[in-house]
Amino acid sequence: MAKLIDGKKIAQEIKDELKEEVSRFKEAGRKISLAVIQVGNDAASSVYVNNKKKACEYIGIESLSYQLAADTVQEELLKLITTLNEDEQVNGILVQLPLPEHMDEDTILKAISPKKDVDGFHPISVGRLWLGEKGFLSCTPAGVIQLLKRSNIEIEGKECVIVGRSNIVGKPMAALLLRENATVTIAHSKTKNLQEITKRADILIAAVGKKKMITAEYVKEGAVVIDVGIHRDENNRLCGDVDFEAVEDKVLAITPVPGGVGPMTIVMLMDNCVETVRN
Ligand code: NAP
């Protein structure tokens with residue numbers, strides 16, 4: 001029987017550690033605030049934004065809410081970002097994605113000051129990550145590293161395969177695993193003989209965005225499997241990129257969906273907010 005990597009429990013542990021750290025900063029007169037910008041009222045985005053605000057409240061970070069209409073022009077959003085960049089009371093700025101189609105996501109994300117880039121999406125943050133310098137880490141991959149470390153799963157020297165090369169998951173995941181001295185392979189939609197490659201993995205990370213694609217044939221006996229995917233199955237229940245039932249008996253440890261990687265993303269966002277005052 002595989003060990004379940006309990007993301008909910010680990011996320012709560014980190015939240016409590018951050019809460020304590022924030023209260024120490026407050027005693028020393030340092031407050032932390034996060035500006036959260038949502039454009040339009042996409043239902044899923046509203047849920048994410050609310051969860052982020054709740055996490056801020058729990059930890060003791062002030063959240064400043066900016067709700068803009070869906071037809072807001074890009075210039076107006078850029079103006080707001082400039083104001084927040086210059087506001088010394090604001091530590092972090094987060095623009096909830098996706099943005100409406102008339103806006104250029106790249107332009108918006110680059111407009112956020114690298115000093116306040118708590119999502120870790122700015123090219124300067126990405127560059128620092130690959131150079132191994134201190135900086136804001138991309139939240140979901142940073143959460144995966146915490147899951148592994150806090151479950152006492154050794155990363156150094158391990159063969160790690162990531163299925164997916166997106167800018168928000170696959171690529172930063174590779175950079176973080178390299179930092180931990182893993183041997184890293186990134187697979188994607190043009191990869192040949194995918195099963196042969198994934199079967200080499202001591203640690204297999206599925207960030208492919210395809211419901212239950214990773215079946216037992218993709219997994220080595222005794223591997224650790226981390227499932228980043230989030231989908232709804234035929235019964236409208238949450239599931240991941242991994243076919244959990246098919247893989248569970250073959251592996252050493254696995255993250256469930258829900259309750260695995262999901263809860264870690266927001267917590268690592270909170271960690272980035274606290275990072276703004278650590279130095
Ligand atoms: P994405 O941008 O769609 O990227 C998917 C990647 O998988 C791409 O690199 C793609 O290759 C590759 N891919 C697609 N089909 C493939 C196949 N048949 N074989 C091998 N590789 C294939 O997705 P993402 O944003 O990285 O997200 C991945 C999953 O994680 C999604 O389910 C998403 O909802 C979830 N997610 C969860 C969290 C969380 O907090 N838990 C956060 C972010 C994302 P190409 O590059 O060649 O197209």
Side-chain angles (χ1 to χ4, degrees), residues 7-39 41 45-68 72 76-97 99 108-129 133-143 145-146 149-150 168 172 176 262-279:
K8 242 173 127 176
K9 181 165 156 266
I10 295 172
Q12 187 60 46
E13 247 168 56
I14 300 177
K15 268 206 285 196
D16 289 333
E17 289 166 16
L18 290 172
K19 189 177 176 161
E20 253 189 70
E21 198 181 348
V22 169
S23 88
R24 285 198 301 274
F25 278 121
K26 272 193 186 152
E27 279 164 22
R30 300 214 61 180
K31 280 204 268 180
I32 308 173
S33 73
L34 170 68
V36 182
I37 306 172
Q38 185 180 1
V39 188
N41 44 18
S45 290
S46 300
V47 172
Y48 289 133
V49 163
N50 271 332
N51 288 342
K52 287 168 189 175
K53 287 186 203 158
K54 271 194 219 152
C56 280
E57 200 181 329
Y58 183 85
I59 288 166
I61 294 172
E62 186 189 3
S63 64
L64 311 163
S65 219
Y66 296 88
Q67 176 69 55
L68 307 185
T72 301
E76 204 173 311
L77 175 56
L78 287 171
K79 234 162 64 191
L80 172 62
I81 292 173
T82 305
T83 307
L84 295 170
N85 280 342
E86 288 164 1
D87 186 341
E88 284 179 12
Q89 304 301 317
V90 173
N91 298 77
I93 303 170
L94 181 144
V95 177
Q96 184 61 44
L97 302 178
L99 287 165
I108 299 299
L109 295 180
K110 282 179 184 158
I112 296 172
S113 162
K115 288 188 188 141
K116 302 189 179 188
D117 174 39
V118 285
D119 256 334
F121 292 157
H122 194 285
I124 292 199
S125 302
V126 177
R128 285 189 180 133
L129 169 65
E133 292 176 3
K134 239 173 120 51
F136 297 115
L137 303 179
S138 199
C139 301
T140 302
I145 297 290
Q146 285 300 318
K149 286 190 169 173
R150 287 172 187 251
I168 61 164
L176 285 176
M264 297 300 291
T265 301
I266 289 185
V267 165
M268 298 321 289
L269 171 73
M270 297 296 112
D271 187 70
N272 277 343
C273 292
V274 179
E275 183 66 21
T276 60
V277 294
R278 279 194 184 119
N279 296 314

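Note that the numbering runs from 1 along the sequence shown for the chain.
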Using a cut-off of 6.0 Å, state whether more than 12 heavy atoms not belonging to Y58 lie near its atom OH. yes
Does any non-hydrogen side-chain atom of N272 lie less than 4.5 Å from one of C139? yes
Would you compute the distance between atom CE of M270 and atom NZ of K19 and round it to the nearest 0.5 angstrom? 13.5 Å
Distance (rounded to the nearest 0.5 Å) between S65 OG and L34 CG: 9.5 Å
To the nearest 0.5 angstrom, please state how far the CD1 atom of I168 sits from the CG atom of L97. 8.0 Å
With salt bridge (Lys or Arg N to Asp or Glu O under 4.0 Å) as the criterion, how do R150 and E13 come out once you've worked through the C-alpha distance, each side chain's angles and the decisive distance to 0.1 Å? CA-CA 10 Å; R150 287 172 187 251; E13 247 168 56; 3.3 Å; yes
Is any side-chain heavy atom of L137 closer than 4.5 Å to one of I145? no
Is it true that a side-chain atom of N91 and a backbone atom of T276 form a donor plus acceptor pair closer than 3.5 Å? no
Would you find more than 12 non-hydrogen atoms of other residues, nucleotides or ligands less than 6.0 Å from N41 atom CG? no
Please lay out, stage by stage, how I59 and K15 fare under the test side chain to side chain contact (heavy atoms under 4.5 Å, CB included). CA-CA 7 Å; I59 288 166; K15 268 206 285 196; 4.1 Å; yes
Once rounded to the nearest 0.5 Å, what's the spacing between atom OG1 of T82 and atom CD1 of I112? 10.5 Å
Show your reasoning for whether side chain to side chain contact (heavy atoms under 4.5 Å, CB included) applies to I61 and V274. CA-CA 8 Å; I61 294 172; V274 179; 4.3 Å; yes
Minimum heavy-atom separation for V277 and R30, please, with both atom names. O-NH1, 3.7 Å
What is the minimum heavy-atom distance between L94 and D119, and which atoms define it? CG-OD2, 3.7 Å
Taking all non-hydrogen atoms of both residues, which atom of F136 and which atom of P114 are closest, and how far apart? CE1-O, 3.2 Å
Whether E57 and K53 form a salt bridge (side-chain N of Lys/Arg under 4.0 Å from carboxylate O of Asp/Glu) is what I want to check. no
Candidate pair M264 and I14, rule side chain to side chain contact (heavy atoms under 4.5 Å, CB included), full reasoning: CA-CA 9 Å; M264 297 300 291; I14 300 177; 3.7 Å; yes
Shortest non-hydrogen pair, A55 vs I266, comes out as CB-CG2, 3.5 Å
Output yes when R278 and E275 qualify as a salt bridge under the 4.0 Å nitrogen-oxygen rule, no when they do not. yes
With distance as the sole test, does K116 use its side chain to make a donor-acceptor pair with the main-chain N or O of L84 at under 3.5 Å? yes
With a 4.5 Å limit on heavy-atom distance, are the side chains of I108 and L77 in contact? yes
Side chains of S33 and Q89, donor plus acceptor under 3.5 Å: no
Indicate yes or no: at least one non-hydrogen side-chain atom of K52 is less than 4.5 angstrom from one of S63. no
Test item: I81 and I37 side chains (from C-beta on) under 4.5 Å apart, heavy atoms: yes
Please round to the nearest 0.5 Å and tell me the distance separating atom OG of S125 and atom CG of L129. 9.0 Å
Considering all heavy atoms of both residues, which atom of K26 and which atom of G60 are nearest to each other, and what is their separation? NZ-O, 3.0 Å
Roughly how far apart are K115 NZ and N85 CG, rounded to 0.5 Å? 9.5 Å
Measure from the side-chain N and O atoms of D271 to the backbone N and O of G143, and report whether any donor-acceptor pair falls under 3.5 Å. no
Taking all atoms of both residues into account, what is the closest heavy-atom pair of L78 and A111, and its distance? CD2-CB, 3.5 Å
Do the side chains of C56 and E62 get nearer than 4.5 Å, heavy atoms only? no
Checking side chain to side chain contact (heavy atoms under 4.5 Å, CB included) for the pair D117/I124: CA distance, chi angles, key distance, verdict? CA-CA 9 Å; D117 174 39; I124 292 199; over 6 Å; no
